[in-house]
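Both counts, for ligands and for their atoms, begin at 1 and track the order of listing.
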Amino acid sequence: MANLILILGDQLTDTLSALEDADRQRDRVVMAEVHDEASYTNHHKKKLVLLFSAMRHFARRLEADGWTVHYQRYHPDNPHQSLEAVLADQLAATGADMIITTECGEWRLHEQISQWHERLGVPVEICPDTRFIARKDEFADWAKGKKQLRMEFFYREMRKKTGLLMTADGTPEGGQWNFDADNRKKWTGKPPAPAPFRVEPDEVTREVIALVDEHFGDHFGTTEDFHFAVTADDAQAALVHFIDYALPCFGDYQDAISDTEDWLFHSILSPYINCGLLDPLAVCEAAAQAWYSGRAPINAVEGFIRQILGWREFVRGIYWLLMPGYAKENRLGNTRDLPWFYWTGDTRMRCMHKAIDATRRNAYAHHIQRLMVTGNFALLAGVRPEAICDWYLAVYADAYDWVELPNVLGMVMHADGGYLGSKPYAASGKYIQRMSDHCAGCHYNVSEATGEKACPFNSLYWHFIDRHRADFAKNPRMTMMYRNWDRQSADKREGLIRHAEHLLERLEQL
Ligand code: FAD
Ligand code: SF4
């Protein structure tokens with residue numbers, strides 16, 4: 001009985017569950033660059049290059065390991081433009097009697113795959129994705145009966161489960177679970193930020209760059225200066241680079257934003273972890289090892305591990321627990337379209353311009369730019385969750401529905417009514433001024449809240465607070481904001497609201 005083993009573009013892991021019981025002599029691996037997957041959103045050009053090139057390298061490696069691989073390269077005239085069509089063709093060509101695959105990371109595709117056994121007329125075995133640290137049912141058990149979920153408590157369970165940064169007697173290393181309070185420094189240029197890890201494009205990548213430029217020219221971003229790793233070995237080298245040069249300062253400057261440095265002390269590993277070139281647990285273990293051997297402080301290592309072991313696993317659990325309804329949530333009742341400058345970066349707000357421009361060039365912006373700049377603005381402006389989710393899904397090299405959706409809809413837009421986060425991450429220009437050096441070079445004045453030169457974040461922040469009183473006034477973490485708002489004179493409040501409304505009417509001109 002021969003099987004087709006379908007490997008998706010974000011499943012580039014040689015220990016993938018679908019390969020576990022497969023037979024190199026008997027079975028055939030199927031991989032395909034198809035229009036349906038490359039175009040269901042306006043994927044950043046660099047994301048397409050990363051995935052197509054990494055897929056081609058991975059297929060070569062499987063062949064070198066003795067697998068038979070059917071690999072379909074992208075061409076707009078290919079007769080088979082969906083995974084289903086490629087599989088149907090391969091079933092006919094080989095007479096295989098079963099399809100085996102590892103569960104995918106998106107509801108959209110999951111729904112399609114669930115119907116394949118009927119549509120293709122052969123059994124389809126879907127193996128669990130063992131590359132995550134928490135199983136889906138394990139997360140669902142933990143979440144059961146809880147009205148709201150808090151990452152911190154889930155994270156502690158994961159620390160206990162893996163033993164990461166745990167002492168032999170079951171207590172957290174360093175005496176605390178979480179060192180976040182130490183991780184809020186502004187970066188003023190010192191110590192210098194390390195250069196990001198780079199791999200120069202090889203022949204395979206250069207060929208893919210030409211293909212993307214030719215056939216995906218209307219997609220967001222650029223292929224210029226592509227330097228991501230596209231093999232597991234190079235992704236491993238990127239991890240070593242991060243641990244040697246950036247991890248020691250990762251904690252201190254985790255929340256910092258810079259006008260001149262795109263990457264600061266972040267790892268830039270999410271594109272590799274999410275497509276399977278790096279294993280998340282192995283990444284955490286390497287970081288823990290750096291602390292045990294005295295190469296990085298505990299606040300950096302714990303903070304880094306929390307992002308992967310905590311946040312990454314937590315959002316994935318929420319996605320599968322609440323889909324498909326989650327994608328439709330809009331508890332704050334937002335109706336506004338996404339301003340066009342999200343696609344062009346053409347705005348006088350320097351913080352927004354810088355974050356969007358880095359996104360366009362790099363298919364990357366770090367977490368605080370995503371959360372407190374582009375995300376915060378969309379929250380304050382009342383953009384429809386669906387519109388801003390579509391943007392985030394399109395523009396980053398690490399974007400997949402399972403991780404993008406809870407981060408944007410839940411964490412940024414608070415559209416799930418606080419199931420994921422205890423309070424909205426709404427902030428005025430003061431926060432951006434405190435954490436960055438953008439404001440000094442901005443057209444707007446961060447110290448002003450009304451008037452033509454006033455920082456738009458300021459009045460929009462108060463407008464958000466005022467218009468959502470019914471949603472948040474009883475939230476203990478928001479009481480202080482409402483006290484501050486109510487303490488201002490009626491005239492001042494009215495002026496702020498009027499100015500914010502003026503801005504909301506002309507968002508495109510900001
Ligand atoms: P680092 O800052 O070095 O963090 C280390 C690792 O922790 C990351 O590589 C990532 O694997 C993990 N991580 C950190 N924060 C999160 C988080 N909130 N959720 C999940 N994993 C996390 N991450 C994605 O991988 N894909 C997305 O599409 C995505 N969309 C986001 C959208 C918004 C609005 C926000 C606020 C966050 C989003 N994130 C997303 C999370 C986070 O911003 C990125 O993982 C991170 O910026 C990737 O860069 P890095 O590898 O340098 O991360
Ligand atoms: Fe951003 Fe306002 Fe600062 Fe300009 S003044 S950079 S808009 S926070």
Side-chain angles (χ1 to χ4, degrees), residues 10 47 105 151 196 238-239 242 246-247 250-251 253-255 257 259 262-275 278 280 283-284 287 300 303-316 318-319 347-355 362-379 388-389 391-413 420-421 425 427-449 453-458 460-461 510:
D10 59 353
K47 180 183 181 189
M151 188 283 295
L239 168 63
F242 164 66
L247 179 61
F250 174 86
Y253 304 110
Q254 194 180 346
D255 284 4
I257 314 175
D259 204 61
D262 290 339
W263 320 89
L264 285 173
F265 299 90
H266 292 274
S267 68
I268 322 157
L269 294 177
S270 54
Y272 313 137
I273 302 175
N274 291 355
C275 74
L278 281 179
V283 170
C284 291
F304 178 73
I305 288 178
R306 176 157 27 88
Q307 305 312 311
I308 297 178
L309 190 62
W311 279 112
R312 186 172 186 274
E313 294 288 326
F314 182 67
V315 298
R316 191 249 184 177
I318 289 187
Y319 181 83
T347 164
R348 288 173 295 182
M349 293 181 281
R350 190 163 179 89
C351 52
M352 290 288 284
H353 167 73
K354 283 282 175 176
N362 302 329
Y364 178 88
H366 61 71
H367 184 69
I368 296 301
Q369 289 174 305
R370 299 188 203 195
L371 181 64
M372 299 310 295
V373 181
T374 44
N376 183 25
F377 188 84
L379 174 72
I388 185 72
C389 286
W391 184 78
Y392 276 104
L393 187 63
V395 301
Y396 292 114
D398 59 20
Y400 298 87
D401 207 37
W402 66 266
V403 55
E404 172 275 319
L405 190 75
N407 269 300
V408 182
L409 189 138
M411 194 186 305
V412 162
M413 300 306 288
L420 182 150
Y425 285 90
S428 70
K430 269 206 192 93
Y431 175 90
I432 295 170
Q433 183 191 30
R434 191 163 66 243
M435 296 314 297
S436 82
D437 54 350
H438 288 316
C439 301
C442 185
H443 165 85
Y444 295 104
N445 186 340
V446 71
S447 314
E448 292 176 20
K453 283 279 188 164
C455 166
F457 281 85
N458 290 339
L460 289 177
Y461 170 75
L510 293 180

- Query: Roughly how far apart are W263 CH2 and H366 NE2, rounded to 0.5 Å?
  - Reply: 11.0 Å
- Task: Enumerate the atoms of ligand 1 whose separation from the nearest heavy atom of V408 is less than 4.0 angstrom.
- Result: 32 (C), 34 (C)
- Task: Could you tell me if any non-hydrogen atom of F250 lies under 4.0 Å from any atom of ligand 1?
- Result: yes
- Measure from the ring center of F265 to the ring center of Y253 and say whether it is less than 6.0 Å. yes
- Item | CH2 on W402 to CG on N407, rounded to 0.5 Å | 9.0 Å
- Quick one: look up the protein heavy atom nearest atom 34 (C) of ligand 1 and list residue, atom name and how far away it is. V412 CG2, 3.4 Å
- Message: Are the side chains of V403 and R316 in contact, using a 4.5 Å heavy-atom criterion?
- Response: no
- Are any non-hydrogen side-chain atoms of N445 and C455 less than 4.5 angstrom apart? no
- Is any side-chain heavy atom of I388 less than 4.5 Å from a side-chain heavy atom of M413? yes
- Is the NZ or CZ atom of K47 both under 6.0 Å from the centre of the six-membered ring of Y400 and within 45° of that ring's axis? yes
- Message: As an exercise, identify every atom of ligand 2 less than 4.0 angstrom from a heavy atom of Y444.
- Response: 5 (S)
- Note on the structure: Under 4.0 Å between heavy atoms, the region of N274 that gets near ligand 1 turns out to be side chain
- Query: Going by an N to O cut-off under 4.0 Å, is there a salt bridge joining D437 and R350?
  - Reply: no
- Task: Please report which non-hydrogen protein atom sits nearest to atom 26 (N) of ligand 1, along with the residue it belongs to and the distance in Å to one decimal place.
- Result: D398 O, 2.9 Å
- Decide, counting backbone as well as side-chain atoms, whether C442 has an N, O or S atom less than 2.8 Å from atom 4 (Fe) of ligand 2. yes
- Which of the numbered atoms in ligand 1 are below 4.0 angstrom from a heavy atom of L269? 9 (O), 51 (O)
- Minimum-distance protein heavy atom relative to atom 18 (N) of ligand 1: N407 OD1, 2.8 Å
- Message: Any heavy atom of F304 closer to ligand 1 than 4.0 angstrom?
- Response: yes
- Geometric N/O contact S267 with ligand 1, under 3.5 angstrom: yes
- Message: Less than 4.0 Å is my threshold; does some heavy atom of Y364 fall inside it relative to ligand 1?
- Response: yes
- Note on the structure: closest protein heavy atom to atom 42 (C) of ligand 1 is H367 ND1, 3.4 Å
- Item | Donor on one side chain, acceptor on other, D398 and N274, under 3.5 Å | no
- Message: Students should be able to answer this: which protein heavy-atom is nearest to atom 23 (N) of ligand 1, and at what distance?
- Response: V403 CG2, 3.6 Å
- Task: For atom 21 (N) of ligand 1, state which one of M413, Q254, R312, H266 supplies the nearest heavy atom.
- Result: R312
- Query: Below 4.5 Å, heavy atoms only, C-beta onward: do F457 and K430 meet side chain to side chain?
  - Reply: no
- Task: Could you pull out, from S270, A397, C389, the option with a heavy atom nearest to atom 9 (O) of ligand 1?
- Result: S270
- Item | Nitrogen or oxygen of I268 less than 3.5 angstrom from that of ligand 1 | yes
- Message: Return the closest protein heavy atom for atom 28 (O) of ligand 1 as residue, atom name and distance.
- Response: A399 CA, 3.2 Å
- Message: Taking N, O or S atoms only and a limit of 2.8 Å, check whether C351 reaches atom 1 (Fe) of ligand 2.
- Response: yes
- Numbered in order shown, the ligand 1 atoms found under 4.0 Å of a heavy atom of M411 are 18 (N)
- Task: For residues Q433 and H438, determine if any side-chain heavy atom of one lies less than 4.5 Å from a side-chain heavy atom of the other.
- Result: no
- Message: Which of the numbered atoms in ligand 2 are under 4.0 angstrom from any heavy atom belonging to C455?
- Response: 2 (Fe), 5 (S), 7 (S), 8 (S)
- Protein contact of atom 22 (C) of ligand 1 - nearest heavy atom, named by residue and atom, plus distance: Q307 O, 3.6 Å
- Message: Could you tell me if the side chain of M349 sits less than 4.5 Å from the side chain of V373, heavy atoms only?
- Response: no
- Message: Taking 4.0 angstrom as the limit and counting only heavy atoms of V446, give me the atoms of ligand 2 inside it, by number and element.
- Response: 5 (S)
- Nearest non-hydrogen protein atom, atom 3 (Fe) of ligand 2: C439 SG, 2.4 Å
- Task: Taking the side chain as every heavy atom from C-beta outward, state whether W391 and V408 have any atom pair closer than 4.5 Å.
- Result: no
- Query: Centre of Y396's six-membered ring, under 6.0 Å away, within 45 degrees of the axis: is that where NZ or CZ of R370 sits?
  - Reply: yes
- Query: Got the closest protein heavy atom to atom 16 (C) of ligand 1, with its distance?
  - Reply: W311 CB, 3.9 Å
- Message: If the cut-off is 4.0 Å to any non-hydrogen atom of H438, which atoms of ligand 2 fall inside it?
- Response: 6 (S)
- Message: Regarding atom 35 (C) of ligand 1: of the candidates Q369, R370, R306, M372, which has the closest heavy atom?
- Response: R370
- List the steps and the verdict of ring pair (Phe, Tyr, Trp, His ring centres under 6.0 Å) for F304 and F242. CA-CA 11 Å; F304 178 73; F242 164 66; 4.8 Å; yes
- Item | Working for side-chain contact (heavy atoms from CB on, under 4.5 Å), residues L510 and Y444 | CA-CA 10 Å; L510 293 180; Y444 295 104; 3.8 Å; yes
